[in-house]
Amino acid sequence: MSEKFSAAIRIEDLSDFIAPSQACVVSLKGLKSNTVKPKTDKPQVRVSVSNKQQQQQPQQTAPVKISLKDCLACSGCITSAETVMLEKQSLDEFLSTIDKGRAVVISVSPQSRASLAVHFGLSPLQVIKKLTTFFKSLGVKAVFDTSSSRDITLIETCNEFIARYKQNQSNDDERSKSTLPMLSSACPGWICYAEKQLGSYILPHISSVKSPQQTIGATIKNRICEKMGLRSEEVYHVTVMPCYDKKLEAVRDDFVFEVDSLKKSDGSHISITEVDSVLTSGEVLDLIKLKEVDFAALEDSPLDKMLTNVNEEGHLYGVNGSSGGYAETVFRNAAKTIFGMDVKGPLSFKTIRNTDFREVTLEVDGHIVLKFALCYGFQNLQNIVRKVKMRKCDYHFVEVMACPSGCLNGGGQIKPKPGQSPKDLLQSLEAIYMENVLVADPFENPLVKSLYNEWLDEPGSEKAKRFMHTEYHPIVKSITSQLHNW
C-alpha cells in the first residue's frame, strides 16, 4: 500500500467476514461519504477515509474493476455477491463449457450435500445420488465426493503433525520451537487473511497440506483422468463448495501446473489448473431452478466410486466434524501413534470462550501431552494469532475456520427459507450432516489406500509432498495504489 493511502484508510471494528448476501462496504462506484453504510444490521468492517483524502480524490462515477486475485482480505469484502461472480466462476461459464463438449467432472463437498439435503427435505445420500442424475443429464461425465480427498488431506495432516511434534520435543532450544502450534490450512478465508494481513510470523505454523478441494483437483488432473482415458487438459473440473472463498483458492498460482508434453506454438508450456471453477451450494440451487427440475422427484443414480466415499452396501462414510474433523482426527492419531493410547468414544471438548472456541487435552501420568483447539470465527481467530505472535500459545494443534460455526455456516450455503431463522437452519444442517455417514478411520479407506499404493507411495513421501502440499507467501498490500478510480 502506498504512503498516499496508508495514512488515509484504516479498518475499524474488525469482526467476522461479511456474508456473500450482504453488500460490500467499500463503494465500487466512487466515494460519496466517509463510510459506506451496509445493507445489514450485522456488525461490519468500516473503511474510513480522511477529509484530506477526500479532497485529493474527486467524486468518481466509473466503477472500479476488481478481480478475485485483488482481494485484500480486509473483511470489506470486495468478494461479496456483487463482485465475486466473474466469468470463469459462474453458472454461465459452467453451462458454456458443457456445450463445448469438454469432459466436465464435478466434486461435491459434504457441507454442500447437507445444505441441499435440508433445503429439499432429503437425506445426504439421496442428494448425492440425485445430483449425479441431475448433472449427468446436463452432460457431466462424472460426479465425485470430496470426502475421499479429505481423507488424503487428513492423513497428510496427521503425518505432518507427528513430524512437527517429535521435532519440537527433541529440540531443547525454546526459540527454535517455531512450528507448533500447527494451524490447519483447509479454510481459504483464513489463509487469505494470514498471507495478506499477518505477515511471515504466522505462516510457518500453518499446515502445508492442501485443502480437500485442491487435493481432489490434483488427484483428478494427475491420476484419475488417466483411468478415465482422458488427458488432464481435456478435463474441466468443477467443485461444489459451501464457501465463496473457495473461488479465491482455486485461482491461486500455487495450484497451476505445467505438463511437459503440452506446449503452445511459441514453445511455452500450457498451464493446467487443478480446479477450473467453483460453484457454491446456493448456485447449484439456482441451476436446479434455472433448469426447472423437480429435484426431489429425480431418480437416484449409482455413485461414481472412483473418487467417492461409499462402501459396498451403498452407505457414505467419513469422519466426525462438520468442518472436516481435523482436530479430532489428528488428536486420535497422535494419541495412538506417539503415546500408544487408543482414544475411544466422543472427545470431551471443553468450551473456553464460546461454542466456537473449544479445546481437548490428553494427559499421561498427570501431565498434559496433547492440547488441541477448535477456533471458528474471526474474533476467536485473532486471539489465537495474538498468542502465537507473543509465543504464548500452548496449543499443539488448532483447527482454524474463518466462518463462525465453521463450514456448514459458509457464506455460499443455501439461505434460510422465509420464516426460518439462520440459527434454526444451522441446527438442521448440523443434525443432518452425519446422516447416512459411517464414521471410519481415513487410514483404512480402501480408495485412499489404492491411491497411495499406485501413485503417492506413502504419507509424507516426495510424491505426496509434490501433489498434496503447497506453500504460503506473505503478500504486500499494494493493490490499493493501482485503483486509480477510487
- Item | Value rounded to 0.5 Å, distance of CD1 in Ile414 from OG in Ser115 | 3.5 Å
- Indicate yes or no: at least one non-hydrogen side-chain atom of Val388 is less than 4.5 angstrom from one of Ile202. yes
- Query: Considering only heavy atoms from C-beta outward, does the side chain of Thr133 approach that of Asp300 to under 4.5 Å?
  - Reply: no
- Message: Whether the side chain of Thr146 engages the backbone of Ser149 through a donor-acceptor N/O pair (distance < 3.5 Å, no angle test) should be reported.
- Response: no
- Query: Can you check whether Val105 reaches Met228 side chain to side chain, under 4.5 Å on heavy atoms?
  - Reply: yes
- Message: Applying side-chain hydrogen bond (donor to acceptor under 3.5 Å, both in side chains) to Thr153 and Thr215, what does each step give before you reach the verdict?
- Response: CA-CA 7 Å; Thr153 299; Thr215 299; 3.1 Å; yes
- Message: Regarding Ser184 and Glu399, do their side chains bring together a donor and an acceptor under 3.5 Å, going by distance alone?
- Response: no
- Judged by atom type as modelled, is there a donor-acceptor pair below 3.5 Å linking the side chain of Ser461 to the main-chain atoms of Leu456? yes
- Query: Among side-chain atoms of Ser301 and Thr132, is any donor-acceptor pair under 3.5 angstrom?
  - Reply: no
- Task: Starting from the C-alpha separation in whole Å, work towards a yes-or-no answer on salt bridge (Lys or Arg N to Asp or Glu O under 4.0 Å) for Arg113 and Asp145.
- Result: CA-CA 9 Å; Arg113 192 170 66 200; Asp145 162 32; 3.5 Å; yes
- Item | 4.5 Å side-chain heavy-atom contact, Leu307 and Thr219 | yes
- Item | Criterion salt bridge (Lys or Arg N to Asp or Glu O under 4.0 Å) on Arg223 and Glu454, from CA distance to verdict | CA-CA 10 Å; Arg223 178 63 181 172; Glu454 300 169 6; 3.1 Å; yes
- Message: Taking atom NZ as the centre, does Lys227 end up with more than 12 heavy-atom neighbours from other residues, nucleotides or ligands that are less than 6.0 angstrom away?
- Response: yes
- Query: Do Tyr376 and Asn409 meet the criterion of a side-chain donor-acceptor pair at a distance under 3.5 Å?
  - Reply: no
- Item | Flag side-chain contact, heavy atom, 4.5 Å: His205 against Leu180 | no
- Item | Residue pair Pro442 / Thr329, side-chain heavy-atom distance below 4.5 Å | yes
- Item | Close side-chain approach of Lys210 to Ile216, heavy-atom, < 4.5 Å | no
- Query: Would Met341 and Lys336 satisfy side-chain contact (heavy atoms from CB on, under 4.5 Å), going step by step from the backbone distance to the final call?
  - Reply: CA-CA 5 Å; Met341 300 178 66; Lys336 186 174 183 178; over 6 Å; no
- Message: Over 60° means perpendicular and under 30° means parallel, so tell me whether Phe161 and His396 are parallel, tilted or perpendicular.
- Response: perpendicular
- Message: Does Trp190 form a side-chain contact (heavy atoms from CB on, under 4.5 Å) with Asp245? I'd like the steps, not just the answer.
- Response: CA-CA 9 Å; Trp190 149 240; Asp245 283 339; over 6 Å; no
- Query: Less than 6.0 Å separating the ring centroids of Phe372 and Phe349?
  - Reply: no
- Item | Exercise: identify the closest heavy-atom pair between Cys375 and Val398 | CB-CG1, 3.7 Å
- Message: What verdict does the side-chain contact (heavy atoms from CB on, under 4.5 Å) test give for Ser107 and Val238, after you've listed the backbone C-alpha separation in whole Å, the side-chain angles of each residue and the deciding distance to 0.1 Å?
- Response: CA-CA 6 Å; Ser107 301; Val238 182; over 6 Å; no
- Note on the structure: Contacts satisfying ring-ring contact (aromatic ring centres under 6.0 Å, His included) that involve residues 95-129 (not counting sequence neighbours) are Phe120-Phe295
- Message: Tell me whether the count of non-hydrogen atoms from other residues, nucleotides or ligands lying under 6.0 Å of NZ in Lys141 goes above 12.
- Response: no
- Task: Would you check if there is a donor-acceptor pair between the side chains of Glu283 and Thr280 at a distance under 3.5 Å?
- Result: yes
- Query: Would you find a donor on one side and an acceptor on the other, under 3.5 Å apart, between the side chain of Gln197 and the backbone of Cys192?
  - Reply: no
- Would you check, one step at a time, whether the test salt bridge (Lys or Arg N to Asp or Glu O under 4.0 Å) holds for Glu226 with Lys221? CA-CA 8 Å; Glu226 296 178 7; Lys221 293 294 183 79; over 6 Å; no
Please set out all donor-acceptor pairs under 3.5 angstrom arising from side-chain atoms of residues 400-407, sequence neighbours excluded.
none

- Message: Under the criterion salt bridge (Lys or Arg N to Asp or Glu O under 4.0 Å), I'd like the reasoning laid out for Arg353 against Glu359: C-alpha separation, chi angles, the key distance, then a yes or no.
- Response: CA-CA 10 Å; Arg353 295 176 177 272; Glu359 68 178 36; over 6 Å; no
- Query: Can any side-chain N or O of Ser96 pair as donor or acceptor with the backbone N or O of Asp92 at less than 3.5 Å?
  - Reply: no
- Under 4.5 Å between any side-chain heavy atoms of Asn333 and Ile162, yes or no? yes
- Task: Validate the cation-pi geometry between Arg102 and Tyr236: distance from NZ or CZ to the six-membered ring centre under 6.0 Å, angle to the ring axis within 45°.
- Result: no
